[in-house]
Student: 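This is the structure, below, for whatever I ask next.
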Amino acid sequence: AIKSKTQSLLDENKERSHLLLWSDKTTILSYNEPFTLYWNDTIINDDDVLTFHCPADNNNHHQFRDAATIRQARTSSSTAISSSTPSSHDNTANSWHLKRFPIVRTTSCQFRLWTTTPRVIDAPSYRKRRRSELNLAARRTVFLPHGMVTPTALHLSLGSSSSSSSSP
């Protein structure tokens, strides 16, 4: 049996309520498309971190293209999304809206959500310090099927003048 479109959307929203991280798109067909990343706000704090990794299968967590705290993502989204922008999501406070998906030369990228958990460092009582640890809580992969072949519209000048394209 084929589900109706309405039922499909209801099921998707129900599924999202259990997820920590999701996006409005799973595939980017051309650079500069708008893109929005959403998170479930039940356990997310302002000091938690979102990182952007390309390619998605890069397991070195220290190599990322961009990073923002949840506070920074909320602030940038509140200025990027106007009240007149239609949205299928009620709460834009729990999102990071990118007006233009960045130009990357890869076929996949991944957003990673890192949550902070406080811990007390074991030391003499007069020197005990609190420090937060980051724990990987969720991942969201975005596919760019044309990422390696789409022209970027970038011009690299190898000459000494901005008007030349000659090699040195």
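From a predicted model like this one, the values you see are computed outputs, not experimental measurements.
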Student: Can you find a heavy atom in the side chain of Ile44 that is under 4.5 Å from one in the side chain of Leu113?
Tutor: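 The answer is yes; the side chains approach within 4.5 Å.
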
Student: Evaluate Asp47 against Arg71 for side chain to side chain contact (heavy atoms under 4.5 Å, CB included), listing each step before the verdict.
Tutor: CA-CA 7 Å; Asp47 293 329; Arg71 180 182 298 110; 3.2 Å; yes

Student: Testing the basics here: between Pro102 and Tyr31, what is the closest heavy-atom pair and its distance to 0.1 Å?
Tutor: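 Nearest heavy atoms, Pro102 then Tyr31: O-CD2, 3.9 Å.
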
Student: List, by chain and then residue number, the residues other than Trp114 in its hydrophobic cluster (Ile/Leu/Val/Met/Phe/Trp/Tyr, side-chain heavy atoms under 4.5 Å); write none if there are no others.
Tutor: Val49, Leu134, Leu136

Student: Look at the side-chain heavy atoms of Ile, Leu, Val, Met, Phe, Trp and Tyr, link any pair under 4.5 Å apart, and say whether Phe143 and Trp22 land in one connected group.
Tutor: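 No, no single cluster joins them.
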
Student: Could you give the distance from NZ (Lys25) to OG1 (Thr36), rounded to the nearest 0.5 Å?
Tutor: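 One finds 8.0 Å between NZ of Lys25 and OG1 of Thr36.
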
Student: Once rounded to the nearest 0.5 Å, what's the spacing between atom CG of Asp46 and atom CD of Gln72?
Tutor: 10.5 Å

Student: Side chain to side chain donor-acceptor pair (under 3.5 Å) between Thr116 and Asp48: does it pass, once the steps are laid out?
Tutor: CA-CA 6 Å; Thr116 53; Asp48 293 344; 2.8 Å; yes

Student: With sequence neighbours left out, which residue pairs that include part of residues 39-60 fulfil the ring pair (Phe, Tyr, Trp, His ring centres under 6.0 Å) condition?
Tutor: Phe52-Phe101, Phe52-Phe111

Student: Say you draw a straight line from CG of Leu20 to CZ of Arg139; how long is it, rounded to the nearest 0.5 Å?
Tutor: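 Output value for this atom pair is 13.0 Å.
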
Student: Please tell me whether Phe64 and Leu144 are part of a single hydrophobic cluster in this structure, the criterion being side-chain heavy atoms less than 4.5 Å apart.
Tutor: no

Student: When you compare the side chain of Met148 with that of Thr107, does any pair of heavy atoms fall below 4.5 Å?
Tutor: yes

Student: Check whether any side-chain N or O of Arg100 sits under 3.5 Å from a backbone N or O of Pro34 as a donor-acceptor pair, and report yes or no.
Tutor: no

Student: Taking only residues two or more places apart in sequence or in another chain, which ones pass side-chain contact (heavy atoms from CB on, under 4.5 Å) with Asn58?
Tutor: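 Asn58 satisfies side-chain contact (heavy atoms from CB on, under 4.5 Å) with Pro55, Asn60, Gln63 once adjacent residues are dropped.
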
Student: Got a second to check how far Asn45's CG is from Thr115's OG1, nearest 0.5 Å?
Tutor: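 One finds 8.0 Å between CG of Asn45 and OG1 of Thr115.
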
Student: To the nearest 0.5 angstrom, please state how far the CG atom of Asp66 sits from the SG atom of Cys54.
Tutor: 10.0 Å

Student: Arg140 and Ser23: which non-hydrogen atoms are nearest, and at how many Å?
Tutor: NE-OG, 3.1 Å

Student: With a 4.5 Å heavy-atom cut-off, do Ile70 and Leu50 have their side chains touching?
Tutor: yes

Student: Between NE2 of His61 and CZ of Arg112, what distance do you get to the nearest 0.5 Å?
Tutor: 5.5 Å

